[in-house]
Amino acid sequence: MKTRIAILSLFAAFFVPAVNSKAAPQSQSNKASIAGTLTDPAGAPVAEVQVTAQPDASSAGQAVSVASSSDGSYSLSLPAGRYRLRFSRKSFAARELVLTLASGESRVLNLHLDLEPLSSSVVVTAQSVPTPAQQTTAPTDVISRETISERQAVSLPELLEFSPGIAVGRTGPFGGSASIFLNGGNSNFTKVLVDGTPINPPGSMVDFSSVTTENIDKVEIVRGAESAIYGSDAVSGVIQLFTHRGDTRVPAFSVYSEGGNLASARGGADLSGVLGKFDYSGAAAYFRTDGQGPNDYFVNRTLSGNFGYSFSDTNQLHISLRNNTSDAGIPGATLTPGAVPDLFQGYGQKIFSANARWEFTTGSHWHHQLIGTDSYTRQRSFANPGDVFSFDSVLSFNRAAVNEQSSYVSRNFIATAGYQYEVENAGINFVLPGHLRRNNQAGYLDFRYTPVSRLTLDFGGRVEANGNFGTRVVPRIGGTYVLRFGKGFFGDTRYHAFYGQGIKEPRFDQTFGTDPCFPGNPDLKPEASKGWTTGIDQKLASDRWKFSADYFYNRFYDIVSFASAGATLSCPFGTGTYFNTDLAIARGVNLASEIRVNKWLFVNGNYTYDNSRVLQSPNTFDPSLEPGNHLVRRPVNSGSFGLNIDYARVNWNFIGYFTGARIDSNFINPQPTKDPGYARFDMAVKYNVTRGLFFTARAINLFDKQYQDAFGYPALGRYYMLGLRYAFTGRN
């Protein structure tokens with residue numbers, strides 16, 4: 001018996017390994033392989049792309065994942081079956097493919113990965129084609145979806161005032177107008193886009209009081225004249241909002257409700273996802289408050305949608321829609337000595353925008369866009385008959401445009417040519433005839449050249465043919481150079497410089513005014529700017545600390561002013577009209593820093609020095625506008641800091657903002673006036689109760705600081721909201 005066991009043991013020891021050694025190659029031969037190279041739109045290899053093969057339910061095995069190498073190559077060895085391949089990397093749009101691999105099959109799959117416009121590492125607004133943030137030549141600031149969520153910001157000014165170079169002027173806490181001053185420019189010198197659609201009333205400023213952050217994935221701020229790309233209004237910079245796009249096959253959704261002091265309530269919901277070749281995103285929100293005094297109510301309603309269809313990976317159609325509607329009581333400048341709240345005045349605003357964008361490629365180098373835009377703004381200011389001065393003013397504006405743009409994209413050179421035709425319409429109840437119209441068209445060129453890996457140059461220009469002021473040519477040129485590639489404590493150092501010119505068409509009433517005593521001036525020239533910036537971006541401590549410093553100089557000329565004249569028999573209150581007379585400059589420094597101290601602590605801050613001056617103002621009637629003064633409502637010194645703690649189940653934000661004194665005016669009884677400086681602190685907390693369920697709390701003006709952003713108008717006192725949010729992030 002022992003002899004038989006010994007023989008069997010020897011048989012197993014020698015025969016079984018031999019069988020296994022022959023079976024292994026046969027098993028390997030049953031596998032399939034897939035390999036290829038991944039490149040960006042310019043044809044350069046993309047490293048560190050995560051390539052994941054997920055077997056479907058009918059296939060055996062587990063998900064397999066690899067990362068592409070420095071030359072963009074990747075390879076996978078898989079059992080035969082059906083797989084969903086996903087290619088993902090920060091800054092690039094994810095790609096998904098479904099493949100069925102046969103036993104022993106070897107397949108080559110080379111792919112181009114497009115930059116993801118919604119990524120915080122990609123800048124869309126600074127040039128005619130999306131650009132990696134490190135290659136932009138004009139100073140930019142990107143506010144990500146994560147930042148919006150962490151700060152629980154509801155209105156856009158709540159976000160923008162914490163960005164360098166921006167000052168906010170509000171005429172009251174809720175519902176009063178909210179204007180933005182960028183790098184010292186006037187409030188109507190910043191072009192505002194929603195998914196590429198301009199929402200400025202022609203020649204005028206955007207009133208941000210009703211613009212919310214609902215369904216917004218990213219906000220980009222470009223500091224510098226960009227009329228070479230965007231035409232009128234981009235005198236001191238551009239702000240663009242990007243609507244969320246669905247990106248998960250299992251839908252993502254959230255619903256929330258919150259309430260607070262001042263009888264405030266807010267609620268909303270959003271839904272997004274991908275269904276085959278169709279992606280969708282929609283949101284709705286409602287907000288109401290009684291405000292902090294008589295006739296200070298505010299109601300805001302938001303609807304937003306973004307829908308796309310991919311005919312193929314290189315042929316896509318997207319349509320985005322957004323509507324903000326608000327109604328408010330306007331108590332007036334109640335801090336002015338002797339003033340009492342106006343109980344009868346009100347203000348309503350509607351801002352609607354739509355954008356249809358068809359993007360496709362022809363061949364491996366040509367990228368095309370055909371874009372249709374439409375926006376509508378309606379503003380109604382009124383006082384009920386119970387008021388001493390009853391009035392009803394209605395302004396309605398519409399801008400509709402079509403834009404065709406083609407780009408030739410190669411590894412070191414991108415050339416873009418475009419044409420735009422725009423129709424502007426207006427209805428102003430105090431200007432006859434009731435309907436006003438202006439037709440504009442433009443052609444533009446934009447080039448980006450990278451002769452060596454460290455250096456990027458861009459240059460271009462626009463020929464703008466305006467229905468009123470005629471034809472103007474506006475150029476732009478810039479460059480960025482990496483002075484040092486580094487790792488460890490002293491990281492990359494980047495230098496950038498930019499020069500641009502800006503123009504702004506006159507308002508409709510300034511050109512077409514029909515009042516015989518105060519007529520418009522059809523010979524007005526565009527208001528204009530020439531400006532340049534230069535600065536350094538520095539990374540430190542293994543990229544955990546980032547610092548930037550920019551110097552800017554803007555010269556604003558041909559600014560429109562109103563020149564009044566004496567009274568006549570037919571015009572007992574005087575006469576006057578508009579002229580291009582004023583001249584001003586703004587020069588200063590923007591500093592910004594952010595530090596990732598560790599996994600749960602993030603600190604950021606910025607400081608702006610804006611030494612603006614009135615140089616020439618011959619028609620001034622207000623001491624605040626006299627030469628030598630700083631420009632109205634633009635502080636010389638301002639800044640902010642933020643502290644974010646994300647630990648365990650709690651995300652906690654503490655944010656501070658400060659501003660120095662500002663020149664101002666009541667514009668009624670002109671006298672030298674200043675708004676005092678102040679410091680204000682906000683806080684936002686989010687607690688993850690359980691999976692998907694969050695308790696939220698936020699406070700604005702935490703320490704109840706009494707201040708004013710515009711002379712006579714009290715700012716919002718201590719304000720808090722508490723709520724619950726349920727969110728399902730979706731999945732692929």
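- Residues S320 and N306 have side chains that never bring a donor and an acceptor to within less than 3.5 angstrom of each other.
- Residue pairs meeting the salt bridge (charged side-chain N to carboxylate O under 4.0 Å, His left out) criterion with at least one member in residues 309-322, sequence neighbours excluded: R95-D313.
- The distance from the CG atom of L457 to the OG1 atom of T137 is 9.0 Å, given to the nearest 0.5 Å.
- With a 4.5 Å cut-off on side-chain heavy atoms, R86 and V51 do not count as touching.
- Counting only heavy atoms from C-beta outward, the side chains of V64 and T52 never approach each other to under 4.5 Å.
- With 3.5 Å as the limit, one finds no donor-acceptor pair spanning the side chains of S120 and S144.
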Determine all donor-acceptor pairs shorter than 3.5 Å in which one atom belongs to a side chain in residues 481-491; sequence neighbours excluded.
residue: R484; atom: NH1; partner: F490; partner atom: O; Å: 2.5
residue: R484; atom: NH1; partner: G491; partner atom: O; Å: 3.2

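- Of the N and O atoms on the side chains of Q405 and Y444, at least one donor lies less than 3.5 Å from an acceptor on the other residue.
- For the residue pair N644 and N653, a side-chain donor N or O sits within less than 3.5 Å of a side-chain acceptor on the partner.
- Between the side chains of T197 and T373, no donor-acceptor pair of N or O atoms lies under 3.5 Å.
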*asked:* Determine whether D458 and R448 satisfy the following criterion, salt bridge (Lys or Arg N to Asp or Glu O under 4.0 Å), listing intermediate values before the conclusion.
replied: CA-CA 4 Å; D458 69 72; R448 190 171 83 208; over 6 Å; no

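- Counting only distance, with no hydrogens or angles, the side chain of T450 and the backbone of V452 share no donor-acceptor pair below 3.5 Å.
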*Does the pair Y74 and F87 meet the rule for a ring-ring contact (aromatic ring centres under 6.0 Å, His included), with working shown?*
CA-CA 11 Å; Y74 72 96; F87 301 82; 5.7 Å; yes

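- Judged purely by distance below 3.5 Å, without hydrogens or angles, the side chains of D195 and T243 pair a donor atom with an acceptor atom.
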*Evaluate the criterion ring-ring contact (aromatic ring centres under 6.0 Å, His included) for residue pair Y726 and F728; output intermediate values, then yes/no.*
CA-CA 7 Å; Y726 179 78; F728 177 71; 7.7 Å; no

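- Within the 4.5 Å cutoff, the side chain of T248 has no heavy atoms near those of the T729 side chain.
- In summary, the side chains of Q369 and E359 do present a donor paired with an acceptor at a separation below 3.5 Å, with no hydrogens or angles considered.
- Checking S304 against E214 by side-chain atom types alone, no donor-acceptor pair falls below 3.5 Å.
- When atom types are taken as modelled, the side chain of Q316 and the backbone of G308 share no donor-acceptor pair closer than 3.5 angstrom.
- L193 has its side chain out of reach of I199: every pair of non-hydrogen atoms, C-beta onward, lies at least 4.5 Å apart.
- For the atom pair N403 CG and Y230 OH, the distance stands at 10.0 Å (nearest 0.5 Å).
- Note: S281 OG to D247 CG = 9.5 Å, rounded to the nearest 0.5 Å.
- Not counting sequence neighbours, the partners of R84 by the salt bridge (Lys or Arg N to Asp or Glu O under 4.0 Å) test are E96.
- T100 OG1 to R82 CZ: the interatomic distance, rounded to the nearest 0.5 Å, is 4.5 Å.
- Judged as a salt bridge (charged side-chain N to carboxylate O under 4.0 Å, His left out), not a single pair has a partner in residues 39-51 (not counting sequence neighbours).
- For T362, the side-chain contact (heavy atoms from CB on, under 4.5 Å) partners are F360, W366, H368, not counting sequence neighbours.
- Residues passing the side-chain hydrogen bond (donor to acceptor under 3.5 Å, both in side chains) test with T39, sequence neighbours excluded: H112.
- Annotation: side chain of V219 is in contact with side chain of I239 (closest heavy-atom distance under 4.5 Å).
- At a cut-off of 3.5 Å, with distance as the only test, a side-chain donor of D141 or S163 sits close to an acceptor on the other residue.
- S119 places a side-chain N or O within donor-acceptor distance of the main-chain N or O of S121, the cut-off being under 3.5 Å.
- Side-chain contact check for Q50 and S88: no donor-acceptor pair (N or O, by modelled atom type) lies under 3.5 Å.
- There is a side-chain donor-acceptor pair under 3.5 Å between D446 and S128.
- With 3.5 Å as the limit, one finds no donor-acceptor pair spanning the side chains of T136 and H496.
- The shortest side-chain heavy-atom distance between F242 and T125 falls under the 4.5 Å cut-off.
- More than 12 heavy atoms of other residues, nucleotides or ligands lie within 6.0 Å of CH2 in W652, so this atom counts as buried by the packing criterion.
- Salt-bridge check for E226 with K191: failed, with every basic side-chain N at 4.0 Å or more from each acidic carboxylate O.
- Among all heavy-atom pairs drawn from R698 and V154, the shortest one is NH2-CG2, 3.1 Å.
- Residues K686 and S149 meet the side-chain proximity criterion, which asks for heavy atoms closer than 4.5 Å.
- Here the CD-OG1 distance, from Q127 to T456, works out to 8.5 Å after rounding to the nearest 0.5 Å.
- More than 12 heavy atoms of other residues, nucleotides or ligands sit less than 6.0 Å from atom CZ of F413.
- In this structure F447 satisfies the ring pair (Phe, Tyr, Trp, His ring centres under 6.0 Å) test together with F459, sequence neighbours excluded.
- With rounding to the nearest 0.5 angstrom, the OG atom of S593 is 8.5 Å from the CG atom of N604.
- With sequence neighbours left out, the side-chain contact (heavy atoms from CB on, under 4.5 Å) criterion links A497 to Y495, T534.
- Shown here are the salt bridge (Lys or Arg N to Asp or Glu O under 4.0 Å) partners of D537, two or more places apart in sequence or in another chain: R494.
- The salt bridge (Lys or Arg N to Asp or Glu O under 4.0 Å) check on E158 picks up nothing, with sequence neighbours excluded.
- A donor-acceptor pair is defined here as one N or O able to donate and one able to accept, closer than 3.5 Å; no such pair exists between the side chain of R725 and the backbone of L693.
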*Where do S272 and H244 land on the side chain to side chain donor-acceptor pair (under 3.5 Å) test, with the steps shown first?*
CA-CA 8 Å; S272 65; H244 177 64; 3.3 Å; yes

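- Considering only residues two or more places apart in sequence or on other chains, K218 meets the salt bridge (Lys or Arg N to Asp or Glu O under 4.0 Å) condition with E220.
- The two residues L321 and A354 come nearest to each other via the heavy atoms CD2-CB, 3.6 Å.
- Under 3.5 Å, the side chains of T212 and T302 contain a donor-acceptor pair of N or O atoms.
- Residues L99 and L85 have side chains in contact (heavy-atom distance under 4.5 Å, counting atoms from C-beta outward).
- Of all heavy-atom pairs between G246 and D279, the closest is O-CB, 3.6 Å.
- With Y280 as the aromatic partner, R245 does not meet the cation-pi criteria of under 6.0 angstrom to the ring centre and within 45 degrees of the ring axis.
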For residues 594-601, which side-chain donor-acceptor pairs fall under 3.5 Å, sequence neighbours excluded?
residue: N598; atom: OD1; partner: W600; partner atom: N; Å: 3.0
residue: N598; atom: OD1; partner: W600; partner atom: NE1; Å: 3.4
residue: N598; atom: OD1; partner: L601; partner atom: N; Å: 2.9

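- Within the 3.5 Å criterion, the main-chain N or O of V129 finds a donor-acceptor partner in the side chain of T131.
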